Amino acid sequence: MASEPQFVEHARDGDVHVLRIANPPVNTLRTEVRAGLLDGIKAATKEGARAIVIIGSGRNYSAGAEMTEFGKPRKPPSLPEVFDAIEQSKVPVVAAIHGNALGGGLELALACHARVAAPGAQVGLPEVKRGFVPGAGGTQRLPRLIGLEALRIIVSGDPVTAEEAQRLGFVDAVLPNATGSDLEHAAIAWARENAGRQFVLAKNRTDRIAGYDAAKFDEAAKKLTARSRGQESPQGCVAAVRAAFTQPFEDGLNVEREQFTRLVQGEQSHALRHIFFGEREAQRIPDLPADAKPATVNRLVVIGGGTMGGGIAMSAANHGLPVTIVETSREALEKGLARCEANWQRTVSSGRLSQAEYEKRRALLSGTTEFEKAVGVADLVIEAVFENMQVKKEVFARLDKAARPGVVLASNTSTLSIDEIASATQRPELVVGMHFFSPANVMRLLENVKGSKSNPTAIATATEVGKRIGKLPILVGNCDGFVGNRMTGKRGPQIEKLLLEGCLPQDIDRVMEAYGMAMGPLATGDLAGLDIGAAVRKARGTVAPVADAVVAAGRLGQKTSKGYYDYDENRKRIPSKEVEALILDLAEKMQVRRRKIDDQEILERVLLPMVNEGARILEEGIAYRPIDIDVIFVNGFGWPAFRGGPMFFADRLGLKAVRDKLAHYAEATGDRNLQPAALIEQLAKDGGSFATLKGPAKI
Ligand code: NAI
């Protein structure tokens with residue numbers, strides 16, 4: 001009979017006992033691990049151990065709680081029970097950390113008598129990013145070890161290195177050369193040497209929480225939560241950490257537990273976990289053969305050094321990939337390179353990039369006007385020239401001739417058909433879209449577009465290089481606007497109608513920003529430039545009365561200091577009297593009776609057209625799964641992760657309600673595009689949801 005897997009291995013080195021967490025790959029603290037630790041501590045004590053070392057097997061200490069166990073009945077022993085056993089142990093328990101000690105993993109280490117670490121190990125409490133607070137004493141023990149600095153670590157959720165943790169005071173020693181399996185030996189030696197010391201447990205320390213200054217605490221909390229508008233978990237963290245400073249340990253644990261229980265059941269935490277797991281899921285490409293191999297890419301060539309080409313080139317250099325920009329003239333090239341330099345220099349000035357690192361990146365970036373010569377040595381080409389089919393086809397025909405056989409040619413087009421672009425080449429199977437988002441050196445999203453002929457090598461190469469240069473590549477199908485832009489494009493007509501029926505730009509943006517969007521749609525339009533949309537409408541022969549009138553008044557957005565808003569010299573937006581008059585005038589001319597529109601209606605009329613288009617995108621097989629769409633919006637369109645994305649929004653509303661509301665708004669506003677998509681009708685009828693929907697296996 002096969003023996004049960006051992007989730008905690010118990011080893012002995014003389015009188016120092018080692019408990020090795022063996023739940024690969026990241027050693028989450030699932031039930032069997034908790035039970036194994038508890039048994040191990042009891043057994044080691046019984047056997048007369050002098051010290052106990054808790055370590056992770058493989059490449060990590062522990063990434064924390066097993067999130068898949070959340071929401072299910074908890075099986076004993078709980079983490080606090082394990083921690084009690086550690087804290088009551090007569091022999092010192094030493095955590096030996098390598099790789100990551102995150103969340104519950106770090107909390108386990110904090111309950112130990114001491115912590116030692118391998119150089120470069122990462123320690124942190126990322127719970128806030130999943131929408132809750134550390135739930136096993138982290139908010140109480142960390143402040144007792146390091147004081148107010150704990151607030152920053154807990155509210156930001158960002159990990160710090162073992163070296164930083166030692167400086168702050170929650171790692172006792174970073175053991176030199178203790179990498180890989182050496183850490184265990186070094187930790188055993190450290191434990192043996194220090195076993196006789198009087199360790200003070202974190203929970204019994206008072207020196208770092210003494211002299212609590214409410215005003216200073218409030219100021220730090222305000223700064224740390226300033227950027228998390230609308231999100232609950234940072235506030236929960238503040239409340240729990242405050243309790244560490246103001247209440248006895250046990251009472252503080254109760255405050256922490258209340259916050260944890262409330263938040264973990266809440267919608268925001270649900271949404272954040274949906275995105276957290278979704279980002280992994282969305283990178284799985286179901287129809288990519290397992291043996292698909294990406295091309296080896298040692299040199300990237302970017303055609304066009306404008307806004308996007310420059311940003312793409314910076315991303316490559318930022319991640320160590322040599323890159324050449326090709327431009328049409330010396331002047332354009334110098335302008336493009338100078339823009340990259342200025343961008344990097346700004347980061348240097350702000351202290352977020354060292355001069356040495358800047359120089360390293362700059363040295364990886366080169367530029368030329370010699371198209372054929374540069375393309376001839378490229379391993380991958382990304383084209384980012386003007387958005388014009390004729391121009392793109394000419395560029396691709398030329399690329400096809402200049403590039404070596406087998407080299408993948410990608411286009412950064414935001415709307416044009418990859419198939420038509422590919423048709424200009426003799427290698428359509430090696431043509432794909434790599435759609436970056438602006439600013440391309442910052443935004444994480446990359447929509448990789450599969451043309452009807454794109455082969456597995458082309459897809460695998462776009463995916464691999466995307467990851468390598470720091471992006472989150474999501475594969476989508478070929479259509480006008482692909483996923484993100486196609487969906488956001490659909491809210492335009494409803495925004496126009498809202499403006500005519502009773503809203504002003506600031507009303508719509510206020511509602512969307514209160515929902516959590518980084519920026520409302522009208523302010524975003526001003527930022528991008530309203531002439532872009534006007535040009536698209538002209539090309540398509542469509543009208544948007546309000547937007548057209550705003551552009552006709554010479555209000556092109558921030559670049560002319562006026563668009564839907566007026567802008568002062570600091571680019572601060574100010575509601576515009578001119579725009580208000582223009583809207584009222586238009587409404588009168590078009591005989592639209594203005595009324596007061598409530599916030600919920602604004603929210604629904606902006607979001608539901610996107611949901612409806614998202615459903616059509618799934619019907620057409622343009623995205624593999626609903627979660628891909630949510631991940632796209634969170635990473636490329638300023639959708640707050642704690643709201644979970646458009647398809648998550650629909651699920652929360654319920655598909656029946658979505659169908660009814662869409663049908664109602666279609667009827668009330670005469671917008672045929674709002675007729676519920678067939679998929680929504682189907683889900684509403686079957687009582688289904690996007691969460692349980694199996695998308696197309698092939699796109
Ligand atoms: P841009 O106008 O800033 O830059 C285009 C550059 O390409 C110019 O510097 C131009 O001199 C150069 N160029 C034109 N023809 C060339 C050729 N034959 N060889 C070499 N260089 C050539 O335009 P931007 O904004 O960078 O857009 C580029 C592409 O990226 C377009 O397809 C656009 O739709 C797409 N895109 C733009 C986004 C944005 O927010 N601006 C977002 C995502 C995609």
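None of these values were measured; they are calculated from a predicted model. All values below come from the heavy atoms of this structure, side chains included, with hydrogens, waters and symmetry mates left out. Both ligands and their constituent atoms are indexed starting at 1 by order of listing. Position 1 is the first residue of the sequence; numbering continues from there.
- Annotation: side chain of Tyr565 is in contact with side chain of Asp509 (closest heavy-atom distance under 4.5 Å).
- Annotation: ligand 1 has protein neighbours Ile303, Gly304, Gly306, Thr307, Met308, Val326, Glu327, Thr328, Ala384, Val385, Phe386, Glu387, Lys392, Val395, Asn412, Thr413, Ser414, His435, Phe436, Ser438, each with a heavy atom less than 4.0 angstrom from the ligand.
- For the residue pair Ile629 and Gly614, the shortest heavy atom distance occurs at CD1-O, 3.7 Å.
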Derivation of the salt bridge (Lys or Arg N to Asp or Glu O under 4.0 Å) call for Arg362 and Glu359: CA-CA 5 Å; Arg362 181 62 190 85; Glu359 278 159 21; over 6 Å; no
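- Checked by atom type, the side-chain pair Asn455/Arg427 shows no donor-acceptor distance below 3.5 Å.
- Thr369 and Glu327 are not linked by any side-chain donor-acceptor pair at a separation below 3.5 angstrom, with hydrogens and angles left out of the test.
- Applying the ring-ring contact (aromatic ring centres under 6.0 Å, His included) rule to Phe648 yields the partners His270, His274; only residues at least two apart in sequence or on another chain are considered.
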